[in-house]
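Okay, so here's the structure we're looking at.
Below, all heavy atoms of this structure are taken into account, side chains as well, without hydrogens, waters or symmetry copies.
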Amino acid sequence: MSLVRNQFDGDILIFRNTEAPLFHIPRQGVVEHFVQTKDMSGVELQGEAWCWKYRVAPAVMAHAESIGAEKILFLDADMLCLRNPDHLLDGDWDISCCRERGAIQGACFSAYLTPGEQTALKWKGVNSGTIAVAAGRYLEVMAEWGRIHKMQPRPGGSFLEQAAWNRLLLDTSLRVRPFERDAIMFPMFEDMDYRHYREASLVHCLGDNLKTKAQFMFGLYMSTFFFDEAGTLLNLLDM
């Protein structure tokens, strides 16, 4: 909904594993696609959910071809759009990605690094929750992501889907461009000062437990789109 409110210029394709639709009133340019998932919880559920980023590639590509899309932007579900993000898709590149501040040797990036890379590589870890791929390269990139993810990680490796994405970026010969540093921020993790992250195009609310994350996102959504100096909405709710 935050993408819709910011007049995002592309079609929005939503993947959900609930029978009920997210939007009960159809909206132009918003399509929902149901995927059947197993009954899981905890770490198993997280790992399974992250795998769908490349598993849904055929459906994404079919929709992209039907509308003549040139770029495909993937956003995790725990993201809010605070400013129109159209400019993030400008330029001539094959892959655009979001670097974090931590080194790639961190536990959530490094499961597919070699021992030498684990010691000497100078590279920032890349978050796999915000990625963009040129439509003409999309299927091959997703297939390679899935192939790497099925490889044997180093002992103790975690966040394997994200680690596989980092391995892909290290190995690819495609043109990779990082997103602008301040375009995507992490208000519950790296960028906790409201004065900074409120100016971002996208915020990725990773970290903490699900309830805290939902409460934070609800508050930020409401303050971004429903605040006015007269406190109209608050007055209506308190009547």
Side-chain angles (χ1 to χ4, degrees), residues 1-23 26-38 45-81 84-98 126-150 159-169 171-179 183-184 201-202 204-206:
M1 198 64 232
S2 60
L3 283 168
V4 173
R5 288 190 173 278
N6 277 301
Q7 300 179 328
F8 177 57
D9 196 34
D11 269 29
I12 300 171
L13 182 58
I14 300 168
F15 289 92
R16 56 176 170 80
N17 65 342
T18 58
E19 293 285 353
L22 298 181
F23 295 103
R27 288 168 167 80
Q28 185 176 2
V30 179
V31 178
E32 297 191 30
H33 188 98
F34 173 72
V35 294
Q36 185 72 51
T37 58
K38 298 181 290 184
L45 175 61
Q46 289 180 330
E48 176 72 9
W50 295 331
C51 293
W52 283 98
K53 294 174 183 176
Y54 59 78
R55 288 180 183 170
V56 296
V60 172
M61 195 67 234
H63 187 78
E65 290 177 342
S66 73
I67 63 172
E70 296 180 356
K71 305 280 179 61
I72 295 169
L73 173 67
F74 179 93
L75 303 177
D76 268 358
D78 58 348
M79 301 193 72
L80 283 176
C81 175
N84 184 290
D86 288 346
H87 65 285
L88 299 182
L89 300 180
D90 292 340
D92 186 19
W93 40 265
D94 299 311
I95 300 173
S96 197
C97 57
C98 181
V126 177
N127 189 285
S128 62
T130 312
I131 63 173
V133 183
R137 298 290 193 176
Y138 183 72
L139 287 180
E140 66 178 274
V141 170
M142 294 299 105
E144 178 65 4
W145 192 358
R147 185 193 70 79
I148 296 171
H149 194 192
K150 294 179 177 64
F159 289 81
L160 299 186
E161 161 270 334
Q162 183 163 266
W165 179 246
N166 278 261
R167 179 77 262 170
L168 183 153
L169 295 176
D171 294 342
T172 188
S173 60
L174 299 179
R175 298 167 299 168
V176 178
R177 183 207 69 172
F179 290 118
I184 303 165
S201 295
L202 299 164
H204 190 172
C205 304
L206 57 84

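- Residues Thr37 and Trp52 meet the side-chain proximity criterion, which asks for heavy atoms closer than 4.5 Å.
- For the pair Thr18 and Ala20, the tightest heavy-atom approach, listed with the atom from each and the gap, is OG1-O, 3.1 Å.
- The distance from atom CD1 of Ile131 to atom OH of Tyr138, rounded to the nearest 0.5 Å, is 6.5 Å.
- Going from atom CG of Leu13 over to atom CG of Leu73 covers 12.0 Å, rounded to the nearest 0.5 Å.
- Between atom CE of residue Met1 and atom CG of residue Asn6 there is a gap of 10.0 Å, rounded to the nearest 0.5 Å.
- For the residue pair Leu160 and His149, the shortest heavy atom distance occurs at CB-NE2, 3.5 Å.
- Checked by atom type and distance alone, the side chain of Glu32 never pairs as donor or acceptor with a backbone atom of Arg16 at under 3.5 Å.
- For the pair Met79/Ile184, a side-chain contact is recorded, criterion being any heavy-atom separation below 4.5 Å from C-beta on.
- Between Tyr54 and Trp145, the ring planes lie tilted relative to each other; the angle falls in the 30° to 60° range.
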**OP:** Test Trp165 against Ile95 for side chain to side chain contact (heavy atoms under 4.5 Å, CB included), laying out the working first.
**Re:** CA-CA 11 Å; Trp165 179 246; Ile95 300 173; 3.8 Å; yes
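- The nearest pair of heavy atoms linking Pro85 to Leu3 is CG-CD2, 3.9 Å.
- Contact detail for Cys98 and Phe179: the closest heavy-atom pair is N-CD1, 3.8 Å.
- With sequence neighbours excluded, no residue satisfies ring-ring contact (aromatic ring centres under 6.0 Å, His included) with His87.
- Side-chain contact check for Leu88 versus Ser96: every heavy-atom pair is 4.5 Å or farther apart.
- Taken to the nearest 0.5 Å, the NZ atom of Lys71 stands 13.0 Å off from the CZ atom of Arg137.
- Under a 3.5 Å cut-off, the side chain of Asn17 and the backbone N or O of Val35 do not form any donor-acceptor pair.
- Annotation: the span from Ile148 atom CD1 to Asn166 atom CG amounts to 10.0 Å, rounded to 0.5 Å.
- Taking the side chain as every heavy atom from C-beta outward, Leu75 and Leu202 approach each other to under 4.5 Å.
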**OP:** Evaluate the criterion side chain to side chain contact (heavy atoms under 4.5 Å, CB included) for residue pair Phe74 and Thr130; output intermediate values, then yes/no.
**Re:** CA-CA 6 Å; Phe74 179 93; Thr130 312; over 6 Å; no
Subject >> Intermediate values then yes/no, side chain to side chain contact (heavy atoms under 4.5 Å, CB included), Leu174 and Val133 >> reply: CA-CA 10 Å; Leu174 299 179; Val133 183; over 6 Å; no
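- To the nearest 0.5 Å, the span separating CD on Glu140 from CZ on Arg147 amounts to 12.5 Å.
- Within the 4.5 Å cutoff, no side-chain heavy atoms of Gln162 are placed close to those of Lys53.
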Subject >> Residue pair Leu206, Asp76: steps toward the side chain to side chain contact (heavy atoms under 4.5 Å, CB included) verdict >> reply: CA-CA 9 Å; Leu206 57 84; Asp76 268 358; over 6 Å; no
Donor-acceptor pairs under 3.5 Å, side chain of residues 55-69 to any protein atom, not counting sequence neighbours: which ones?
residue	atom	partner	partner atom	Å
Arg55	NH1	Glu48	OE2	2.8
His63	NE2	Asp11	OD2	3.2
Ser66	OG	His63	O	2.6

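- In this structure the side chain of Glu144 never reaches within 4.5 angstrom of the side chain of Thr172, judged on heavy atoms.
- Take Asp92 and apply the salt bridge (Lys or Arg N to Asp or Glu O under 4.0 Å) test, not counting sequence neighbours, and it matches Arg175.
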